[in-house]
Amino acid sequence: MLIAPLDASDDEALAGWHAAYLAADTAGRDHATPWMLPEMRADFLGERTGEQFLPFAGYVDGQVVSDGLVVLHRKENLDIASLKVWTHPSRRGVGYGSAMLEHVTEVARDAGRTVLSTEVAVPFDGPADGAGHPDADFIVRRGFAFDIGDVVRVLDLPADRDRLRELSAQAAPYHTDYTLRRFLGPVPDDILAQFGELIGSLMTEAPSGELARDGETMDEERIRADERVFEASGRTKYTTVAVAPDGDVVAYSELVVPRHDPLHVYQWGTLVRPAHRGHRLGLATKAHNLLWLQQEEPGPATLVTMNAEVNGHMIGVNEALGFRPVERLAEFAKRLG
Ligand SMILES: CC(C)(COP(=O)(O)OP(=O)(O)OC[C@H]1O[C@@H](n2cnc3c(N)ncnc32)[C@H](O)[C@@H]1OP(=O)(O)O)[C@@H](O)C(=O)NCCC(=O)NCCS
């Protein structure tokens with residue numbers, strides 16, 4: 001197998017890379033949420049300030065059989081490289097995945113990274129660490145250790161509007177001092193700095209594994225750069241925030257509508273600042289945002305969310321909203337010697 005960096009501006013090369021990825025990512029899974037080709041193009045070609053994407057293609061007789069991806073964080077978490085390898089299901093078991101993993105490991109090492117992180121999708125009815133699943137066993141046999149288990153949950157849209165309204169109404173007496181505000185797409189200028197601080201703390205506030213991760217500095221340049229990539233990928237974001245009496249933005253919840261993948265909607269981050277917890281703002285912002293989305297986009301879709309298995313509070317909110325568990329993501333890490 002010949003491994004080369006992918007030139008994502010070359011349509012043919014990108015199509016070959018994406019075809020192998022799509023087949024590998026969806027094989028044997030009912031609830032895979034792969035990136036669509038135009039989303040991938042935007043992600044690979046977009047100029048972000050926070051992360052750098054390094055995709056690689058493995059060719060045999062001119063055909064892409066295996067893909068690799070290294071994501072380098074550029075502002076914080078400078079010791080960590082997130083990586084992933086995929087082999088087309090019809091070409092597995094002959095060493096391509098191992099060769100690609102070695103390649104992306106060396107790329108990460110050359111970039112000065114000392115910790116590798118990856119995740120593997122495994123069935124919900126199996127163990128959290130995916131033991132016994134070929135993909136989890138593959139990664140463990142190559143020196144990775146299980147770090148934390150996440151659960152993927154789905155909710156069929158449109159969700160029961162009366163139920164959402166009832167949940168919002170139940171939460172309302174707890175947050176009478178707060179105002180809910182919503183915006184479609186880019187973050188409004190007047191709350192940009194505060195919103196940046198809030199989303200930048202998700203990495204440290206949401207439960208994560210043993211891997212120490214820094215909070216993210218989401219300054220204006222970074223937020224606007226991410227928004228440009230996001231727009232180019234055909235994704236639209238619905239956001240609801242909670243504003244405290246003193247004007248501080250203290251909670252948010254965001255939903256993502258991917259235009260190139262009309263049957264999915266993604267529940268992204270929901271976070272309440274620690275000092276403002278107990279006011280049901282997580283449920284309030286989430287339910288409010290979903291009601292708004294359903295009003296604007298009434299068609300059927302599957303809403304997908306993911307939480308660490310230990311995030312009892314957020315899971316409680318999701319279960320109240322009607323989400324059901326469908327799959328696990330097992331996160332693994334490896335320290336480079
Ligand atoms: C995990 C994955 C990349 C492995 O790719 P691969 O090209 O089959 O990898 P290799 O051939 O190098 O090794 C696969 C292992 O399964 C064994 N195997 C044998 N026959 C196999 C078959 N028909 N299919 C899959 N694996 C097989 C191999 O011998 C090897 O065993 P080992 O771990 O004891 O060495 C591939 O299954 C995949 O794309 N999975 C989805 C994405 C993913 O989970 N990636 C891992 C996280 S980075």
If you count the non-hydrogen atoms of other residues, nucleotides and ligands that lie under 6.0 Å from CG in Asp61, is the total more than 12?
-> no
Determine, for Tyr96 and Arg91, whether the Lys NZ or Arg CZ falls below 6.0 Å from the six-membered ring centre while staying within 45 degrees of the axis.
-> no
In sequence, state the C-alpha distance, the side-chain angles, and the governing distance for Phe53 and Asp43, and then conclude on side-chain contact (heavy atoms from CB on, under 4.5 Å).
-> CA-CA 8 Å; Phe53 285 73; Asp43 261 312; 4.2 Å; yes
Atom CD of Glu12 with >12 non-hydrogen neighbours under 6.0 angstrom | no
Return the minimal non-hydrogen interatomic distance between Ala244 and His276, and the atom names on each side.
-> CB-CE1, 4.0 Å
Have a look at Val272 and tell me which of Met314, Arg277, His313 forms a side-chain contact (heavy atoms from CB on, under 4.5 Å) with it.
-> Arg277
For residues Glu197 and Met218, determine if any side-chain heavy atom of one lies less than 4.5 Å from a side-chain heavy atom of the other.
-> no
At their closest point, which heavy atom of His260 faces which heavy atom of Pro262, and how far apart are they?
-> C-CD, 3.6 Å
Sub-3.5 Å donor-acceptor pair from the side chain of Arg74 to the main-chain atoms of Arg48, do we have one?
-> yes
Show the atom names and distances, to 0.1 Å, of all donor-acceptor pairs under 3.5 Å that link a side chain in residues 13-21 to residues at least two apart or in another chain.
| unit_1 | atom_1 | unit_2 | atom_2 | d |
| --- | --- | --- | --- | --- |
| Trp17 | NE1 | Phe56 | O | 2.8 |
| His18 | NE2 | Trp35 | O | 2.7 |
| His18 | NE2 | Leu37 | N | 3.3 |
| Tyr21 | OH | Trp35 | N | 2.8 |

Between the main-chain N or O of Leu281 and the side-chain N or O of His279, is there a donor-acceptor pair closer than 3.5 Å?
-> no
Polar side chain donor-acceptor pair, Arg142 to Ser98, under 3.5 angstrom = yes
So, are Glu319 and Arg324 salt-bridged, with charged N and O less than 4.0 Å apart?
-> no
Answer yes or no: is there a donor N or O on one side and an acceptor on the other, between the side chain of Asp7 and the main chain of Ser9, under 3.5 Å?
-> yes
Polar contact flag, side-chain donor to acceptor under 3.5 angstrom, Asn318-Asn307 = yes
Okay, side chain of Glu296, backbone of Leu293: is any donor-acceptor separation there less than 3.5 Å?
-> no
Under-4.0 Å salt bridge between Lys75 and Glu51 | no
Is there side-chain contact between Arg153 and Ile315, with at least one heavy-atom pair below 4.5 Å?
-> yes
Taking only Lys NZ, Arg NE, NH1 and NH2, and the carboxylate oxygens of Asp or Glu, determine whether Glu297 and Arg259 approach each other closer than 4.0 Å.
-> yes
State plainly whether the residues Glu231 and Arg228 are in salt-bridge range, i.e. N to O under 4.0 Å.
-> no
Verify the ring-centre separation between Phe183 and Phe195: is it less than 6.0 angstrom?
-> yes
Report the C-alpha separation of Thr285 and Ser253 in whole Å, then their side-chain angles, then the decisive distance to 0.1 Å, and conclude whether the side-chain hydrogen bond (donor to acceptor under 3.5 Å, both in side chains) test is met.
-> CA-CA 6 Å; Thr285 51; Ser253 187; 4.5 Å; no
Would you say His31's side chain and Val326's backbone share a donor-acceptor pair under 3.5 angstrom?
-> no
Do the rings of Trp292 and Tyr238 sit parallel, tilted or perpendicular, given the 30° and 60° boundaries?
-> perpendicular
Between Arg222 and Glu76, is there a salt bridge with N-O shorter than 4.0 Å?
-> yes
Beyond-backbone contact of Ser168 with Leu291, side-chain heavy atoms, under 4.5 angstrom = yes
What closest approach, in Å, do Ala24 and Trp86 show between heavy atoms, and which atom pair accounts for it?
-> CB-CB, 3.6 Å
Quick check: are there more than 12 heavy atoms from other residues, nucleotides or ligands sitting under 6.0 Å from CD of Gln170?
-> yes
Tell me, yes or no, whether the heavy-atom count around Tyr174 atom OH, taken from other residues, nucleotides or ligands under 6.0 Å, exceeds 12.
-> no
Give a yes or no on whether a salt bridge exists between Lys237 and Asp226, defined as a side-chain N under 4.0 angstrom from a carboxylate O.
-> no
Closest heavy-atom pair and its distance - Leu167, Ala320 | CD1-O, 3.4 Å
Report yes or no: does Asp150 contribute a side-chain atom to a donor-acceptor pair with the main-chain N or O of Met306 at less than 3.5 Å?
-> no
Please confirm whether the backbone N or O of Ala159 pairs with a side-chain atom of Arg163, one donor and one acceptor, at under 3.5 Å?
-> no
Establish whether Ile80 and Leu116 are linked, either directly or via other cluster members, by ILVMFWY side-chain heavy-atom contacts under 4.5 Å.
-> no
Quick one: are Val154 and Glu327 in side-chain contact, heavy atoms under 4.5 Å?
-> no
Are Arg41 and Asp10 close enough for a salt bridge, meaning some N to O gap below 4.0 Å?
-> no
Smallest separation among heavy atoms of Asn289 and Thr239, with atom names = OD1-C, 3.4 Å
Kindly indicate whether the side chain of Tyr59, heavy atoms from C-beta on, has any atom under 4.5 Å from the side chain of Val65.
-> no
Apply salt bridge (Lys or Arg N to Asp or Glu O under 4.0 Å) to the pair Asp79 and Arg335, showing each step before the final yes or no.
-> CA-CA 10 Å; Asp79 53 335; Arg335 278 183 198 285; 5.5 Å; no
Rounded to the nearest 0.5 Å, how far does OG1 of Thr302 lie from CG of Leu155?
-> 9.0 Å
Got a donor-acceptor contact below 3.5 angstrom from the Lys84 side chain to the Glu119 backbone?
-> yes
Rounded distance [0.5 Å steps], OG in Ser233 versus CG in Leu45 = 12.0 Å
Quick one: do Leu329 and Phe146 end up in the same hydrophobic cluster if we chain Ile, Leu, Val, Met, Phe, Trp and Tyr together by side-chain heavy atoms under 4.5 Å apart?
-> no
Minimal heavy-atom distance between Leu283 and Ala171, with the atoms involved, is CD2-CB, 4.3 Å
So how far is it from Asp67 CG to Leu6 CG, rounded to the nearest 0.5 Å?
-> 8.0 Å
Taking the side chain as every heavy atom from C-beta outward, state whether Met40 and Met36 have any pair of such atoms under 4.5 Å apart.
-> no
Using a 4.5 Å cut-off on heavy atoms from C-beta on, say whether the side chain of Thr240 contacts that of Arg181.
-> no
Same cluster or not: are Leu192 and Tyr252 linked, directly or through other Ile, Leu, Val, Met, Phe, Trp or Tyr residues, by side-chain heavy atoms under 4.5 angstrom apart?
-> yes
Ion pair present between Arg273 and Asp248, side-chain N to carboxylate O less than 4.0 angstrom?
-> no
Quick one: does Gln267's side chain get under 4.5 Å of Val304's, heavy atoms only?
-> no
Taking only residues two or more places apart in sequence or in another chain, which ones pass salt bridge (charged side-chain N to carboxylate O under 4.0 Å, His left out) with Lys334?
-> none
May I ask whether Leu83 and Met1 are part of the same hydrophobic cluster, defined by side-chain heavy atoms of I, L, V, M, F, W, Y residues being less than 4.5 angstrom apart, directly or through others?
-> yes
Donor-acceptor under 3.5 Å (Arg113 side chain, Thr105 main chain) = no
Could you go step by step and tell me if Asp125 and Arg328 meet the salt bridge (Lys or Arg N to Asp or Glu O under 4.0 Å) rule?
-> CA-CA 9 Å; Asp125 58 9; Arg328 293 175 185 280; over 6 Å; no
Got a donor-acceptor contact below 3.5 angstrom from the Glu227 side chain to the Val187 backbone?
-> yes
Can you tell me how far the CG atom of Asp261 sits from the OG1 atom of Thr33, to the nearest 0.5 Å?
-> 8.5 Å
Answer yes if Leu303 and Val256 sit in the same cluster of Ile, Leu, Val, Met, Phe, Trp and Tyr residues linked by side chain heavy atoms under 4.5 Å apart, and no otherwise.
-> no
